[in-house]
Q: 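The structure follows.
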Amino acid sequence: MKEINIPTIEKINIEAFQKDLVSWFLEEQRELPWRENKDPYRVWVSEIMLQQTRVDTVIPYFNRFIDWFPTLEDFANADEEKILKAWEGLGYYSRVRNLHSAVQEVKALYNGVVPDSPEEISKLKGVGPYTAGAILSIAYGKPEPAVDGNVMRVLSRILMIYEDIAKPKTRKTFEAAVRKLIDHNHTSAFNQALMELGALICTPGKPACLLCPVQSHCLAFEAGVQSELPVKIQKKKTRDVPIVAVLLTNEKGEFLIHKRASEGLLANLWEYPNFENHTSLQHKREFFESRFQEMYGVKPEITDPLVKIEHVFSHLVWKVDTYTGTVKEKISEATLIENQLKWVSKTEIEEFAFPVSHQKMMKAYNDKEGNN
DNA sequence: AACACGTGGTC
DNA sequence: TGACCAAGTGT
């Protein structure tokens, strides 16, 4: 275990810093549904939802999630279709599948009680260094660091740390800092205060230093360099992926849907039949029809163009040309099962989780038909 | 270490 | 309008 040295920490009056920060949090914290109590299960769910996701986005999802699965055991017993539906639209869907298997493990191994040791809790799927520290400090009062993007931004300023926060090893520097700074009597408030401060005051763009409860402790403010911090180098280019997707119906008015693979992008979510189309430009319909036929043995008929959808992911961009179409011939039951295809009515379709891009297809269809 | 993994909001 | 961002983790 290498010792991490942070010279500037000597300049901080730690007790005064703790008091100013924690007092501010106790006074000014937002009322959030996951702050109603310290149930480790609720804290856990909220921390997973909040990964890379805004508070305002999470609130309605969290409330519905707790409504559907009030206890850890309720969630452990839920089926995968339902848990994906609970997450539909939130993104990063592996979060909910990992949470599900982790919760089932807690039920089986720990009698349904979320473990309170760093070693045990860190073994759970989807529980990394941040989430482990967050649950341990918030739900169990353990003096563990919970270093997220907010904490790195706030502490990079207070301690004038110029390490690139995009680099994995940098998190360790900030964990070491938190271990020295954390208020052992108020671990929950201290860690949450760091994040709350980052969200409300010590923001990325223009930090509201004049309103900051720990302004007098901030080395970057003292030096007038708060806008230069944190240092963050990085940006990957996205690549375009052209896709042709078709909303296919049969004579019964049912829609054909396809379940995505169990790993990778949008794993296990449902979608309308589509193919990546690197070939060309004017022949998208023919391309789809022939690919569909070679995959499933039946030739669909594409009728009308629907909408063009551009969907931006963090690492790629789908350029989707969508159409409506019909399937007149019968697709055999074996083919349907083998290829994870399903005919569903407009009512049944509500039970399945779709990525946002494909939700837009049905919306466009409804808008166009003027029905619902 | 670097990249895959979603979505909606912001300046 | 195109980054850049928001309470990260798995591989």
Side-chain angles (χ1 to χ4, degrees), chain A residues 25 29-30 32-35 42-62 84 87-99 101-102 121-135 137-139 145-154 164-172 174-175 178 188 191-200 202-206 230 232-241 260-269 271 309-318 353-360:
Chain A
F25 178 75
Q29 65 170 301
R30 293 167 289 180
L32 268 15
W34 48 90
R35 287 179 175 165
R42 291 170 57 112
V43 173
W44 187 3
V45 170
S46 72
E47 292 302 339
I48 300 298
M49 284 189 173
L50 286 162
Q51 289 170 8
Q52 303 290 284
T53 311
R54 287 186 159 71
V55 165
D56 288 342
T57 302
V58 167
I59 291 172
Y61 279 93
F62 179 83
L84 282 173
W87 217 263
E88 184 185 47
L90 248 194
Y92 288 139
Y93 298 94
S94 67
R95 289 183 295 174
V96 74
R97 294 186 300 121
N98 288 155
L99 179 62
S101 67
I121 203 167
S122 297
K123 284 181 190 154
L124 300 170
K125 287 201 194 82
V127 178
Y130 164 75
T131 305
I135 297 172
S137 63
I138 296 171
V147 175
D148 70 341
N150 287 125
V151 173
M152 290 199 281
R153 183 173 60 258
V154 168
D164 179 3
I165 66 165
K167 295 205 180 311
K169 61 178 297 192
T170 303
R171 197 196 69 250
K172 297 180 194 302
F174 289 98
E175 285 174 349
V178 171
S188 170
N191 277 345
Q192 290 190 78
L194 246 21
M195 295 188 272
E196 194 83 340
L197 190 67
L200 302 180
C202 196
T203 51
K206 289 150 52 115
K232 187 176 185 181
I233 315 291
Q234 182 176 79
K235 80 174 114 200
K236 286 155 306 241
K237 304 189 60 145
T238 57
R239 68 174 210 282
D240 290 357
V241 179
R260 295 178 59 87
S262 61
E263 293 189 344
L265 186 66
L266 303 165
N268 286 355
L269 268 66
E271 64 186 2
I309 295 170
E310 179 166 310
H311 194 75
V312 181
F313 296 86
S314 35
H315 55 305
L316 52 85
V317 181
W318 276 359
F354 286 77
V356 168
S357 52
H358 283 251
Q359 293 174 39
K360 288 176 183 166

Q: Please work out which of the three classes, parallel, tilted or perpendicular, describes the rings of A:W34 and A:F62, given edges at 30° and 60°.
A: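 Rings of A:F62 and A:W34: perpendicular, over 60°.
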
Q: To the nearest angstrom, how far is A:E310 atom CD from B:dG6 atom P?
A: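 Distance, rounded to whole Å: 18 Å.
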
Q: For nucleotides 9-11 of chain B, print each protein N/O atom paired with a nucleotide N/O atom at under 3.5 Å, atom names and distance only.
A:
none

Q: Under 3.5 Å, is there any donor-acceptor pair linking the side chain of A:T131 to the base of C:dG8?
A: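 Donor-acceptor pair under 3.5 Å: no.
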
Q: Should the side chain of A:T53 and the base of B:dG8 be counted as holding a donor-acceptor pair, with the cut-off at 3.5 Å?
A: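 Per atom types, no contact qualifies.
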
Q: Describe the nucleic acid contact of A:R153 in one word from base, sugar-phosphate, nothing, applying a heavy-atom distance below 4.0 Å.
A: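 The answer is sugar-phosphate, as A:R153 gets under 4.0 Å only of primed atoms, P, OP1 or OP2.
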
Q: Please write out the pairs of protein N or O atoms and N or O atoms of nucleotides 1-4 of chain B separated by less than 3.5 Å, giving the distance to one decimal.
A:
none

Q: Take the protein atom CG of A:D148 and the nucleotide atom P of C:dC5, then report the distance between them rounded to whole Å.
A: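 To the nearest whole Å, that distance equals 14 Å.
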
Q: Take A:P129 and A:T203, find for each the nucleotide of DNA chain C with the closest heavy atom, and name the residue whose nucleotide sits nearer the 5' end.
A: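 So the residue in question is A:T203.
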
Q: What stems show up for DNA chain B when you take Watson-Crick pairs (N1-N3 plus N6-O4 or O6-N4) and G-U wobbles (N1-O2, O6-N3), both under 3.5 Å, and require three or more consecutive pairs?
A: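 In DNA chain B, stems of three or more pairs: B:2-5 with C:8-11, B:7-10 with C:3-6.
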
Q: Rounded to the nearest angstrom, tell me the gap between atom OH in A:Y92 and atom C1' in C:dG10.
A: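 Between C1' of C:dG10 and OH of A:Y92: 12 Å.
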
Q: Could you check how far CG of A:N98 sits from C1' of C:dT11, rounded to whole Å?
A: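 It works out to 12 Å between those atoms.
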
Q: Measuring from the side chain of A:H311 (C-beta onward, heavy atoms only), which nucleotide among B:dT7, C:dC5, C:dT9 has the closest atom?
A: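 Minimum distance to the A:H311 side chain belongs to B:dT7.
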
